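These notes concern the structure reproduced below.
All values below were derived from every heavy atom in this structure, side-chain atoms included, with hydrogens, water molecules and symmetry-related copies excluded. Numbered from 1 within each chain, the chains take letters A, B, ... in sequence-line order. Just so we're clear, the structure is a prediction, and the values are computed from it rather than from any experiment.
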Amino acid sequence: MNELKIYNSYSRKKETFTPITPGHVGMYVCGPTVSGESHLGHARPYITFDVVYRYLMHLGYKVRYVRNITDAGHFEEEGREAEDKISKKAVLEKLEPMELVQKYTNLYHWAMAQFNTLPPTIEPTATGHIIEQIGMIEEIINAGFAYVVNGSVYFDVKKYAASYDYGKLSGRVLDDLLETTRELDGQEEKRDRADFALWKSAAPEHIMRWKSPWGVGFPGWHIECSAMATKYLGKQFDIHGGGMDLLFPHHESEIAQSTICNHVAPVRYWIHNNMITIGGKKMGKSYNNVIKLTELFSGMHPLLAKAYHPMVIRFFILQTHYRSTLDFSNEALQASEKGLKRLWESYENLGKLGTGSQPAGQASMEPKEDEELDKKVKTLVNEFDEFINDDFNTAKVLANMFELVPVINSMKDKSIPVAALSKETFVLLKQQMKIYIEDIFGLKNVSEADNAKLKGVMDLLIDIRKEAKSKKDFATSDKIRNQLQGLGISLKDEKDGGMNWTIE
RNA sequence: GGUACCGUGGCCGAGUGGCUAGGCUGAGGUCUGCAAAACCUCCUACAGCAGUUCGAAUCUGCUCGGUACCUCCA
């Protein structure tokens, strides 16, 4: 049996996955900051970890998947007058912070549903866990690894590094961090520049504020994940995921905080997805090159040649290994669009094929099995498991599927008899294609053709066209096809005289 | 400046000592009343230089180019 291997950012190696509690998996993924609209870059981790989640469930694990909503906001720049991102924008838009947060949370949930990602089992909010965060900070202070200055609390990195390996996850050297030449306001509050905030005292104009033992303020950025992961997954859990850009300082700090509170390293397997780039540059707010998801789905953006269906985006992301950068371009997306269409149509063709047995009257035809083809198909299908077990290599699984497409389409066209495959292989093919395409990859049909009335009308038009064709009345048959094409419906003749249609 | 990573055919992207991804595009063909689709065939690449090896896109060194993180970031 193949076992699942995961590239662990912490050890920088592929490791065999073994859960802490047999049969169960605890997984935490850093969720969005809902102070603005999600963009294409955000789609990557959520789709990547959706596949991880789906695959773990497919393997039979009971998975607790925790993905937070960061709604407490963070200061724009550490040390500067607490300029909470959310409160700042709330003033501009004349909205209640809670209203703003709700708006973007709803939009995010909507986009996730478009992508057909499964909801996490727990989706905790930072504002809903202020008490847990304060509790954790108190523990860190009591343990002697944090200090209070003017109502703010900072984590003492140098002290931590004396006994623990700070920087291991991100490959950082503490001495380098201490020497960073960057000047930051309010830096003088910290003992060392590598220290990070656990709690920040809030300036009077700051809207989001909570009482704490150190005065009115708000939590530091890293503590929410530590607090919520500990609460719902325990002191040590299996998988923590997020974008590579969170490696430092976010995840590094998370490890430090949790280790002090829980006396154990929090995470067994750290998984980090790479970035989506555009023209080779990371897509991100700071680069001003983001394409929002609503823009992507509607095509309303100067960089977009057209609108792209959420499933096309999902497929596009799955065609690359999650640890490689993925470069956005209209060309690349359109290539994915066509590829997905081809794969999906072939998959539907497969669904319509009967089992390998021959029709009764043709027994004399002696259906002969093509051993070579049978073996090829069996190998290609069996490799699905092998490839996904190799650090979730969805790109290779898809490549194999595309090698199966001509075989399936030929069976449909009857240029290869279905009986060329052994019944066993045919059943395996059908079953695994379904499991991988729908259950694990979470792909769905792009066209919205599931409408009984439309289907009835189409059947009628097809009937008329067939009649016209049989009378060689091509003017009528072409008229039907051309006018449908004008409406975005393509009608295709099939070899056996049947007709097939798809909505563009 | 520090630390990583990357450079694959027209484009996107797997792979990582010998076999050869895959998608899109392009060319030719089969099929078809015509289309479209489908099917078949072709286009054989790994930044450059040097080295290790029987053999390197894959290992080592250097050069060039690019990116990310070090600050909010998925």
Give a yes/no answer on whether the side chain of A:Lys492 brings an N or O atom under 4.0 Å of OP1 or OP2 in B:U32.
no
From CD of A:Glu331 across to C1' of B:G26 the rounded distance in Å is 13 Å
Main chain of A:Lys5, side chain of A:Asn389: is a donor-acceptor contact present, judged purely on distance under 3.5 Å? no
Is there a side-chain contact between A:Lys338 and the phosphate of B:U25, meaning an N or O under 4.0 Å from OP1 or OP2?
yes
Closest of B:G23, B:C69, B:A74 to the A:Lys282 side chain is B:C69
Are A:Phe328 and A:Tyr308 an aromatic pair by the rule of ring centers under 6.0 Å? no
Separation of B:C5 atom C1' from A:Met244 atom CE, nearest Å, is 8 Å
OP1, OP2 of B:C39 versus side-chain N and O of A:Asn409: anything below 4.0 Å?
-> yes
>> With hydrogens left out and only the distance checked, is there a donor-acceptor pair under 3.5 Å joining A:Asp478's side chain and the base of B:G33?
In response: yes
Among B:A35, B:C11, B:C69, the one nearest any side-chain atom of A:Asp493 is B:A35
Listing for RNA chain B: consecutive Watson-Crick or G-U pair runs of at least 3, distance cutoff 3.5 Å, ranges ordered by first number, gives B:1-7 with B:64-70, B:10-12 with B:22-24, B:26-30 with B:38-42, B:47-51 with B:59-63
- Is the phosphate of B:C5, meaning OP1 or OP2, less than 4.0 Å from a side-chain N or O of A:Asn274? no
Regarding the side chain of A:His321, the nearest nucleotide among B:C12, B:A74, B:G15 is B:G15
Please confirm whether the shortest side-chain N or O distance from A:Arg342 to OP1 or OP2 of B:G23 is below 4.0 Å. yes
Considering only heavy side-chain atoms of A:Lys281, the closest of B:C12, B:U67, B:G33 is B:U67
Please check if any side-chain donor atom of A:Asp391 sits under 3.5 Å from a side-chain acceptor atom of A:Tyr322, or the reverse. yes
Exercise. Are A:Phe315 and A:Trp344 an aromatic pair by the rule of ring centers under 6.0 Å?
Worked result: no
Anything under 3.5 Å between a donor and an acceptor, one on a side chain of residues 482-490 of chain A, the other on a protein residue two or more places apart or in another chain? List them.
unit_1	atom_1	unit_2	atom_2	d
A:Asn482	ND2	A:Asp478	O	3.2
A:Ser490	OG	A:Glu504	OE2	2.4

Worksheet item: With a 3.5 Å cut-off and just heavy-atom distances, do the side chain of A:Arg481 and the base of B:C34 make a donor-acceptor pair?
Response: yes
Looking only at B:G23, B:A37, B:A21, the nucleotide nearest the A:Ala399 side chain is B:A21
Stacking between B:G33 and A:Phe474, yes or no? Criterion: centroid separation under 5.5 angstrom, plane angle under 30 degrees. yes
